[in-house]
Amino acid sequence: MGAVIWLLGVVLTVLGAAVVPAQASKNHHYDFFIKESNYTRLCHEKTILTVNGQFPGPTIYARKGDVVVVNVYNQGDKNITIHWHGVDQPRNPWSDGPVYITQCPIQPGANLTYTIILSEEEGTLWWHAHSDYDRTTVHGAIVIHPKLGNAFPFKKPHKEIPVILSEWWNADVNLLLEEARKTGGDVSISDANTINGQPGDLFPCSNNGTFKAAVESGKTYLLRIINAGLANDLFFGVAGHRLTVVGTDARYTKPFTVDQILISPGQTVDALLEADRAVNGSSNGRYYMAARTLASNTNIEFDNTTATAILEYADAPPAARAGRPDFPSLPAIDDLNASTAYTAQLRSLASEAHPVDVPTDVDEHMLITIAVNVVPCTTGNGTCEGPLGARLAASLNNVSFHLPSVDILDAYYGSVRGVYETDFPDMPPFVFNFTDDNVPMERWFTKRGTKVKVVEYGAVVEVVFQDTAILGAENHPMHLHGFNFYVLGRGLGNFNHTTDPATYNLIDPPLQNTVTVPKSGWATIRFRAANPGVWFMHCHFERHSEWGMDTVFIVKDGKTQAKMMRRPPGMPRC
C-alpha cells in the first residue's frame with residue numbers, strides 16, 4: 001500500500017535529453033536495466049556496464065518534494081547496487097544503496113525497486129552504482145526543479161546543459177580492481193578524463209563523438225556540472241566565458257562569478273553561462289569547455305589529461321564556426337591556491353525562501369583524522385605491492401573500515417550481533433604533528449574493523465576532518481549519506497581547538513553533501529542527526545573508500561513520526 005501512495009506522488013520524467021518538459025509527468029515508475037554494452041573510446045572498443053545501454057546513463061527529472069520510484073533490473077554479469085547521491089532519503093535508508101551498508105547486492109537476474117524520497121533538495125544531484133568500481137560507467141544526473149509555481153532564485157535560463165565529468169579506462173576497471181586486491185597495490189590510473197562520456201577531440205578517434213552544446217547569442221544557459229569521476233578533483237572552465245555559480249550539491253548559493261570552478265568527485269555545481277561572445281568582441285564561434293585534474297599529491301600517479309567539449313554559437317557566421325575552438329586558461333595541475341580561492345567563495349543563498357538554519361549547540365564533537373596507510377601483507381609469499389612490501393589501506397581515526405558480509409542496516413534492524421562494533425572513536429587514538437611530511441614509520445600501519453558511530457535522534461554533530469601526511473597529504477572529498485551538512489570552515493595545518501572555531505562562518509555557510517578537505521589541512525562540518533537509519537560516510541576517491549577510508553553513522557529512532565521506515569518487501573538477501 002505504501003508503494004502505491006509513493007507512486008501517486010511521482011511527478012518526474014527520466015530522460016537522456018537536457019531539457020525538462022514544461023509540465024512534469026505524473027504516476028510513472030521507471031525502469032533501469034543494467035546491461036552490458038559495447039562502447040569505443042580512444043580507438044578501443046570494450047564491453048561496459050550501462051543503464052538502458054546509455055553511457056552516461058539516463059537523467060532523472062523531478063521537482064522538489066517529489067517521490068521517484070525506479071525499478072532496477074540486473075541483466076549484467078555481476079552484483080550491483082545503485083545510490084541516489086545527495087538525496088537525504090528521510091527515514092528511508094532502505095533505498096540509499098551502498099553495498100553491504102544498507103543492502104545486499106542485486107544479483108544477476110534479480111531486480112529491486114528503489115523509492116527515492118526528495119525533501120529539501122533543489123538543483124543538481126546524481127545517481128551511480130555503489131558497488132566495486134561499477135560507477136565508472138553506471139551513473140547519471142538527477143535534476144530537481146522548484147515546485148510548480150515557484151521560480152529559480154536567479155535569471156531563468158534559456159536552456160539547461162548537463163556536464164558530467166568522469167574518466168575512461170581502456171582496460172576493464174573491475175579487473176584492475178581485482179588485481180589490486182590480490183597484490184595489495186594501487187589501481188592503474190585512467191587513460192583519459194571525459195565530459196559527458198567523451199574525452200574530446202584532442203584525443204585520437206574522438207572527433208566525431210566530442211560533446212557539443214549549441215548556444216545562441218544573448219541567451220543564458222544553466223550548466224549542471226557533476227564530477228562523477230573516481231579519482232580526480234577537476235578544474236573546469238569555458239574559453240571566452242565566465243561562470244556564475246548559483247548552486248552546489250542541490251542547494252543554492254550566493255552568486256559569484258569565476259573563470260573556472262573546482263569540483264571534487266561526488267560534488268555538483270550549478271553555473272550560469274551568458275552567451276555573450278559578441279559583447280566580448282570575439283570573432284570565433286566555437287569555444288572549448290575543458291576539464292583538467294588538480295593533483296594535490298604529485299608524488300603518486302594521476303591522470304594528466306584534459307577533457308574537452310565544444311560550445312558552439314548556432315547563430316555565428318559559417319566562417320566563425322569553421323576554425324579551431326578557443327581554449328580556456330585553466331590553473332596549473334598542482335595549483336592548490338586556485339582551489340582554495342574557489343572554495344572560499346561558497347556561501348549559502350540565505351534568503352527568505354531558502355533560509356539557513358545552522359545548529360548552535362553541539363552535542364557530539366568529533367575530530368576525524370584521514371590517512372592512507374598500510375596493513376600487513378597476507379598473500380602467499382608475504383609480500384605485497386604497497387610500501388614496505390605491505391598492503392595499501394586507508395583509515396579514519398586509524399580504523400580501516402572492513403565491509404561485512406551482511407549489510408549493516410539489516411543487522412541493526414534485526415538486532416543481529418557480530419556484524420559491526422559501536423565504538424568508532426570520536427578522537428584519533430594518538431596525537432602527533434598530523435601534517436608533518438616526516439611521519440614516523442610506525443604511524444603508517446592501521447587496523448581493520450567494522451566500527452560505527454551511534455548517535456541519538458536530533459543530536460547536533462560536529463565533525464572536524466583532519467588530513468594527515470601519512471604516505472602523502474592530499475585533498476579528500478568526504479561524503480555523508482542521509483544528510484546535507486553546513487561547512488563551517490577550512491584551514492591549513494593542524495586544527496587548533498582554541499583558535500580555529502572563532503573563524504567559523506555561522507551566518508551563511510554552504511550546505512553540501514560532499515566537502516573537499518584541503519591537503520595538509522582541516523574542514524569542519526555540522527549537522528542535526530534528524531534522519532533515523534544507517535548512513536555511510538566515506539571518501540569519494542574510490543580507491544580510498546575501497547581501502548577503508550569509511551565509517552557509518554547509526555541514528556536512533558526518535559518519537560512516533562521520526563522512526564525509520566519498516567523493511568520493505570523484496571530487499572536482496574546476502
Side-chain angles (χ1 to χ4, degrees), residues 180-181 183-187 231 233 295-302 334 336 340 365-379 381-402 421 423-451 453 463-478 490-500 515-524 537-551:
R181 286 172 173 171
T183 65
D186 203 348
V187 176
D233 295 328
S296 59
N297 182 359
T298 55
N299 293 320
I300 59 176
E301 277 194 295
F302 57 89
D334 59 351
L336 293 172
T340 301
H365 288 272
M366 303 179 74
L367 174 66
I368 297 180
T369 52
I370 303 171
V372 175
N373 309 89
V374 291
V375 292
C377 187
T378 55
T379 59
N381 62 7
T383 301
C384 288
E385 293 183 0
L388 306 177
R391 175 178 292 275
L392 278 166
S395 68
L396 299 176
N397 275 353
N398 207 41
V399 178
S400 184
F401 190 82
H402 176 71
E421 300 172 286
D423 59 345
F424 181 84
D426 290 343
M427 301 291 289
F430 36 75
V431 177
F432 56 98
N433 185 355
F434 298 123
T435 57
D436 185 348
D437 289 334
N438 299 307
V439 178
M441 197 172 295
E442 61 265 24
R443 300 297 186 215
W444 293 14
F445 285 84
T446 185
K447 293 183 178 180
R448 301 282 195 196
T450 309
K451 296 181 182 292
K453 170 69 175 178
V463 178
V464 178
F465 293 111
Q466 173 69 61
D467 183 35
T468 70
I470 299 173
L471 295 185
E474 59 184 306
N475 290 354
H476 294 280
M478 297 302 299
R490 290 182 177 86
L492 298 179
N494 297 314
F495 179 75
N496 186 307
H497 291 269
T498 303
T499 59
D500 284 330
V515 59
T516 304
V517 181
K519 174 182 180 176
S520 297
W522 56 270
T524 300
M537 186 173 76
H538 61 98
C539 182
H540 229 270
F541 287 148
E542 201 66 16
R543 68 189 187 282
H544 290 174
S545 183
E546 161 73 18
W547 294 340
M549 198 176 282
D550 326 292
T551 190

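All of these numbers come straight from a predicted model, not from anything done at the bench. We're numbering straight along the sequence, starting at 1. These numbers come from the heavy atoms of this one structure, side chains and all, not from hydrogens, waters or symmetry mates.
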Worksheet item: Can you list every pair that meets salt bridge (Lys or Arg N to Asp or Glu O under 4.0 Å) and has a residue in residues 424-433, with sequence neighbours left out?
Response: Asp426-Lys453
Practice prompt. Could you label the plane-to-plane angle of the Trp522 and Phe495 rings as parallel, tilted or perpendicular, counting under 30° as parallel and over 60° as perpendicular?
Written response: perpendicular
Item to complete: Test Leu471 against Val374 for side chain to side chain contact (heavy atoms under 4.5 Å, CB included), laying out the working first.
Response: CA-CA 9 Å; Leu471 295 185; Val374 291; 3.9 Å; yes
Practice prompt. Take Glu301 and Arg543 through the test salt bridge (Lys or Arg N to Asp or Glu O under 4.0 Å) and record every step on the way to the result.
Written response: CA-CA 13 Å; Glu301 277 194 295; Arg543 68 189 187 282; over 6 Å; no
Mark yes or no for whether [X], through its side chain, and [Y], through its backbone, hold a donor-acceptor pair below 3.5 Å.
X: Asn475; Y: Lys519; result: yes
X: Gln466; Y: Gly493; result: yes
X: Thr551; Y: Lys451; result: yes
X: Arg443; Y: Asn373; result: no
X: Asn494; Y: Phe434; result: yes

Just wondering, do [Y] and [X] contact through their side chains at under 4.5 Å, heavy atoms?
X: Glu385; Y: Leu392; result: no
X: Phe401; Y: Ser545; result: no
X: Val439; Y: Thr468; result: no
X: Ile470; Y: Val372; result: no

Worksheet item: What residues form a side-chain hydrogen bond (donor to acceptor under 3.5 Å, both in side chains) with Asp334, not counting sequence neighbours?
Response: none
Item to complete: State which residues pass side-chain hydrogen bond (donor to acceptor under 3.5 Å, both in side chains) with Thr524; sequence neighbours excluded, sorted by chain then number.
Response: Tyr504
Residues which pass side-chain contact (heavy atoms from CB on, under 4.5 Å) with [X], listed by chain and number, not counting sequence neighbours:
X: Ala394; value: Trp547, Met549
X: Asn397; value: Ile368, Thr369, Phe424, Pro425, Pro428
X: Pro477; value: Ser264, Pro265, Thr514, Cys539, His540, Phe541

What distance do [X] atom [atom1] and [Y] atom [atom2] have between them, rounded to the nearest 0.5 Å?
X: Leu336; Y: Glu474; atom1: CG; atom2: CD; value: 11.0 Å
X: Cys384; Y: Leu388; atom1: SG; atom2: CG; value: 11.5 Å
X: Arg448; Y: Ser400; atom1: CZ; atom2: OG; value: 4.0 Å
X: His402; Y: Lys447; atom1: NE2; atom2: NZ; value: 16.0 Å

